Protein chains: 4
Amino acid sequence: MSLQFDITPGSPEPIYEQIEGHIRRQIATGSLVEGDQLPPVRTLAEQLTVNPNTVARAYAELTAEGLVESRTGRGVFVAPRRQIFSEEERNRRFHRAAWRFFDETAFLDIPVPEMVRRLEAAWPDYFRKTPTP
Amino acid sequence: MSLQFDITPGSPEPIYEQIEGHIRRQIATGSLVEGDQLPPVRTLAEQLTVNPNTVARAYAELTAEGLVESRTGRGVFVAPRRQIFSEEERNRRFHRAAWRFFDETAFLDIPVPEMVRRLEAAWPDYFRKTPTP
Amino acid sequence: MSLQFDITPGSPEPIYEQIEGHIRRQIATGSLVEGDQLPPVRTLAEQLTVNPNTVARAYAELTAEGLVESRTGRGVFVAPRRQIFSEEERNRRFHRAAWRFFDETAFLDIPVPEMVRRLEAAWPDYFRKTPTP
Amino acid sequence: MSLQFDITPGSPEPIYEQIEGHIRRQIATGSLVEGDQLPPVRTLAEQLTVNPNTVARAYAELTAEGLVESRTGRGVFVAPRRQIFSEEERNRRFHRAAWRFFDETAFLDIPVPEMVRRLEAAWPDYFRKTPTP
DNA sequence: GTGGTCTAGACCACG
DNA sequence: GTGGTCTAGACCACT
């Protein structure tokens, strides 16, 4: 439950998004399940040596998305799994991610079938990256 | 050579990246080949109704990447095709893009096979974004 | 388009939520329509005499909700209307709001039919509160 | 008199407010009448597995409002019913609650008549939240 | 000029 | 102790 991970401060991806990403992944892969408590804002901030506000922002966005919920005075906990977005919105988000992916890979000269193959191959690796402690 | 395409003002993707993307894709798919001239900065800026600086930036980055080259006084031309990135670099970029894609889609609750199917389905649409003139 | 409104700093409702509320209402009632630009963060911050970060936070949340979209370097604009939440999530939010309403009115000793009548009567007033300039 | 109810730990509504709400409702609906004794702070705290301070706070606020009264050494009892708020105050509170409700539901795209219908439908459910023992 | 990120540090509400 | 809000001020990316 201690959420072992690092962030890369210089990256174009903002720190709070990196934090969100790690936690989302833990939830998506089942490393964190409903009712689990996230580390306190100050603790995680210290561990990552970032400002508490930055962690708080990540928690706030995850809360807004409904992935976690905050119980005042007690901490932030993984929320029961729900379907938050409409079919339409999920399609929109999928398309946005897909196009971004195409944009970032189009000039790598990898043919589409090969790309898809690689993507399928990368998935278990991604899934496993999150250490189940 | 007149580069028919639109940019999406509402997108979070910066305009200069959208322009770069379109040109990269034209080159990747063979719509633009070695020696073809790109439209002058001012012309393209007018056509897209964006700031000339924005177009200039896109051209500059493509030049830096070696995809196009500027012949002073005459314009910007598609460069001879060569292997720009090392195998290692291409793998690195592919992985980064793939992980970002996973991060953005993991919590959409779309199973992997379905995701792959959708991705393959989205490609022609993406490709068509830039009509080959 | 100048968004005439005040905020009450002492209120239990946080300032950024008050700002969000006003803008949501303007959009809900049609005072702000797709494509309209919101006042710049700094301008609105000055007008309300709050910190720019506070306004930025309100804008960020509205952006996350999909009600507005930010075009980098140019400003924040009202987004095309979309159905963002699933039926389930909308029900959940409606129920939460309804129960909160009941909690806040239960001890006012107003019988339910009377309450409903009053609520219907209050709506046009609410709707009109947002000045169409 | 044993006050059968649960609190929802995941809710954004603070626990002490949930407790207050339940008791207010019991009084409003006649489940608790003048002279009835509330369970001792420690007992209720144990039953709900919350901090005794939290229960104490709820009792304190209800006492301050005049809904219950504490007879030192013997416990807390439901106070004689009286008009607690002036007509004006009741209108003010109703309006505040109504506007908050509108704010939270305006962007759910539910037409007013449908909203009223749903609200009426939700009431019995809300009422039942506290089973009359 | 626009918005977005991050830090530092204060203050409050809840338990 | 927990998270949440707000301010002040710096720095960056994009147009």
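Here is the naming used below: chain letters follow the sequence lines, and residue numbers restart at 1 for every chain. Quick caveat, the model's predicted, so the values are computed rather than measured. When reading the values below, keep in mind they use all heavy atoms of this one structure, side chains included, and skip hydrogens, waters and symmetry mates.
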Need to verify one output field. Residue with the more 5' nearest nucleotide on DNA chain E, Gly73(C) or Thr49(A)? Gly73(C)
For a quick check, tell me whether the side chain of Asn53(C) and the base of dG4(E) share a donor-acceptor pair closer than 3.5 Å. no
So does Leu62(C) get a backbone contact from the side chain of Glu20(C), meaning a donor-acceptor N/O pair under 3.5 Å? no
Rounded to whole Å, please give me the gap between CD1 in Ile7(A) and C1' in dT7(E). 13 Å
Is any side-chain N of the basic residue among Glu46(B) and Arg42(B) closer than 4.0 Å to the acidic one's carboxylate O? no
Can you find a side chain N or O atom of Arg57(B) that sits less than 4.0 Å from OP1 or OP2 on dT15(F)? no
Side chain of Pro14(D) (C-beta onward), nearest among dT2(F), dC6(E), dC14(E): dC14(E)
Roughly how far, to the nearest 0.5 Å, is the CZ atom of Arg24(A) from the CZ atom of Phe102(B)? 15.5 Å
Which one, dT15(F), dT7(E), dT5(F), comes nearest to the side chain of Asn51(A)? dT7(E)
Do Gln37(C) side-chain atoms and Arg74(C) backbone N/O form a donor-acceptor pair below 3.5 Å? yes
Round to the nearest Å and state the distance from Leu48(C) atom CG to dT7(F) atom P. 10 Å
May I ask you to verify whether the side chain of Arg42(C) and the base of dG3(E) hold a donor-acceptor pair under 3.5 Å? yes
Please report the distance, rounded to the nearest Å, between CD in Glu13(A) and C1' in dG4(E). 15 Å
Which base, if any, makes a Watson-Crick or G-U wobble pair with dC14(E), both distances under 3.5 Å? dG1(F)
If only side-chain N and O atoms of Thr54(C) are considered, is one of them under 4.0 Å from the OP1 or OP2 phosphate oxygen of dT7(F)? yes
Determine, for Arg82(C) against Glu69(C), whether the closest basic-nitrogen to carboxylate-oxygen distance falls under 4.0 angstrom. yes
To the nearest angstrom, how far is Glu61(A) atom CD from dG4(E) atom C1'? 11 Å
Regarding the side chain of Val76(A), the nearest nucleotide among dG3(F), dT5(F), dT2(F) is dG3(F)
Nucleotide dT5(E), atom P - distance to CD1 of Ile15(A) in whole Å: 11 Å
Of all the nucleotides listed (dC14(E), dG3(F), dG3(E)), which has the minimum atom distance to the side chain of Thr72(A)? dC14(E)
Looking at Arg74(C), does any N or O in its side chain come under 4.0 Å of the phosphate oxygens OP1/OP2 on dG1(E)? no
Can you check whether Ile15(A) reaches Asn51(A) side chain to side chain, under 4.5 Å on heavy atoms? no
Tell me which of Tyr16(B) and Pro52(C) sits closer to the 5' end of DNA chain F, going by the nucleotide each one is nearest to. Pro52(C)
Given atom CD of Gln18(D) and atom P of dA13(E), what is their separation to the nearest angstrom? 19 Å
Measure the distance from CZ on Arg71(C) to P on dG3(E) and round it to the nearest whole Å. 13 Å
Can you measure Leu44(C) atom CG to dG4(E) atom P for me and round it to whole angstrom units? 14 Å
Between Ser70(A) and dG4(F), is there a side-chain N or O to OP1/OP2 distance below 4.0 Å? yes
